[in-house]
Amino acid sequence: MSDLLERLRGRGWRMTAQRRVVAEVLDGEHVHLTADEVHARAVERLPEISRATVYNTLGELVSLGEILEVSTDRRAKRYDPNAHRPHQHLVCARCGAIRDVHPTGNPLSDLPAAERFGFTISDVEVTYRGICPNCANV
């Protein structure tokens with residue numbers, strides 16, 4: 001059983017066939033699918049699942065804090081099931097591939113006090129950009 005499914009069961013989330021399929025599609029490392037990609041993969045497993053059900057389920061999972069909504073560029077939002085381990089993203093500037101990365105250090109403390117302008121910093125999002133090996137070999 002996937003980590004996401006285990007977390008949802010632990011919360012007592014009502015597991016319909018549609019919800020299960022969406023959670024199964026999101027299972028794995030470095031998963032960053034758009035809602036349309038989730039829907040296309042879900043239809044392969046459960047042909048009667050509607051686009052609205054997928055979108056609603058994704059919205060519920062984001063609200064529960066079980067998946068992250070990731071927007072790294074002007075492309076479609078992506079959904080990341082790695083919501084419980086702090087991480088950043090590495091994005092290919094050509095194809096848009098996204099990988100989770102775990103840099104060392106504390107990005108919260110990396111911003112000098114003079115650059116905080118009195119803000120109390122609670123969260124940091126860092127996106128690393130580059131060219132993935134597949135695009136570099138083209």
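All values below were derived from every heavy atom in this structure, side-chain atoms included, with hydrogens, water molecules and symmetry-related copies excluded. The first residue in the sequence is number 1, and the count goes up from there.
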Query raised in the report: Taking atom CG of Leu8 and atom CG of Leu61, what is their separation to the nearest 0.5 Å?
Result: 5.5 Å
Query raised in the report: Counting heavy atoms not belonging to Glu125, are there more than 12 under 6.0 Å from its CD?
Result: no
Query - Spacing of CG belonging to Leu58 relative to OG belonging to Ser63, to within rounding of 0.5 Å - result: 11.0 Å
Query raised in the report: side chain to side chain contact (heavy atoms under 4.5 Å, CB included) between Glu37 and His32: does it pass, once the steps are laid out?
Result: CA-CA 9 Å; Glu37 290 169 335; His32 301 91; over 6 Å; no
Report summary line: Between the CG atom in Asn137 and the CD1 atom in Ile131, the distance rounded to the nearest 0.5 Å is 11.5 Å
Query - Path from Leu68 to Val62 over hydrophobic side-chain contacts below 4.5 Å - result: no
Query raised in the report: So which heavy atom on Val31 is nearest to which on Pro81, and how close?
Result: O-CD, 3.4 Å
Query raised in the report: When the ring planes of His102 and His87 are compared, do they come out parallel, tilted or perpendicular, using 30° and 60° as the limits?
Result: tilted
**Report entry** His89/Asp80 under side chain to side chain contact (heavy atoms under 4.5 Å, CB included): CA gap, chis, key distance, verdict
**Finding:** CA-CA 10 Å; His89 292 106; Asp80 181 354; 3.0 Å; yes
Query raised in the report: Under 4.0 Å between a Lys/Arg side-chain N and an Asp/Glu carboxylate O for Arg19 and Glu60?
Result: yes
Requested in this report: Measure from the side-chain N and O atoms of Arg99 to the backbone N and O of Leu90, and report whether any donor-acceptor pair falls under 3.5 Å.
Outcome: no
Query raised in the report: Is there a side-chain contact between Ser50 and Tyr55, using heavy atoms and a 4.5 Å cut-off?
Result: no
Requested in this report: Measure the spacing between OG1 of Thr16 and CZ of Arg20 and express it to the nearest 0.5 Å.
Outcome: 8.0 Å
Query raised in the report: Do Thr53 side-chain atoms and Ile49 backbone N/O form a donor-acceptor pair below 3.5 Å?
Result: no
Query raised in the report: Same cluster for Val70 and Val91 if Ile/Leu/Val/Met/Phe/Trp/Tyr side chains link at under 4.5 Å?
Result: no
Query raised in the report: Does one hydrophobic cluster hold both Val124 and Val101, with members joined at side-chain heavy-atom distances below 4.5 Å?
Result: yes
**Report entry** Pairing of Arg51 and Asp36 as salt bridge, 4.0 angstrom limit
**Finding:** yes
Query raised in the report: Roughly how far, to the nearest 0.5 Å, is the CG atom of Leu26 from the CG atom of Leu4?
Result: 6.5 Å
Requested in this report: Test side chain to side chain contact (heavy atoms under 4.5 Å, CB included) on Leu5 and Met15 and set out the steps.
Outcome: CA-CA 9 Å; Leu5 280 171; Met15 193 61 65; 3.7 Å; yes
Query - Between NZ on residue Lys77 and CG on residue Leu33, distance to nearest 0.5 Å - result: 16.0 Å
Report task. Using the side chain to side chain contact (heavy atoms under 4.5 Å, CB included) rule, take Leu46 and Gln18 through it: C-alpha gap first, then chi angles, then the decisive distance, then the call. Result -> CA-CA 8 Å; Leu46 189 66; Gln18 293 85 353; 3.9 Å; yes
**Report entry** Shortest non-hydrogen contact from Cys92 toward Cys132
**Finding:** SG-N, 3.3 Å
Query raised in the report: Cut-off 3.5 Å, side chains only: do Tyr128 and Gln88 have a donor facing an acceptor?
Result: no
**Report entry** Check: Leu64 main-chain N/O paired with Arg11 side-chain donor or acceptor under 3.5 Å
**Finding:** yes
Query raised in the report: So do the side chains of Thr34 and Tyr79 get within less than 4.5 Å of each other, counting heavy atoms only?
Result: no
**Report entry** Side-chain heavy atoms of Ile121 within contact of Arg116, under 4.5 Å
**Finding:** yes
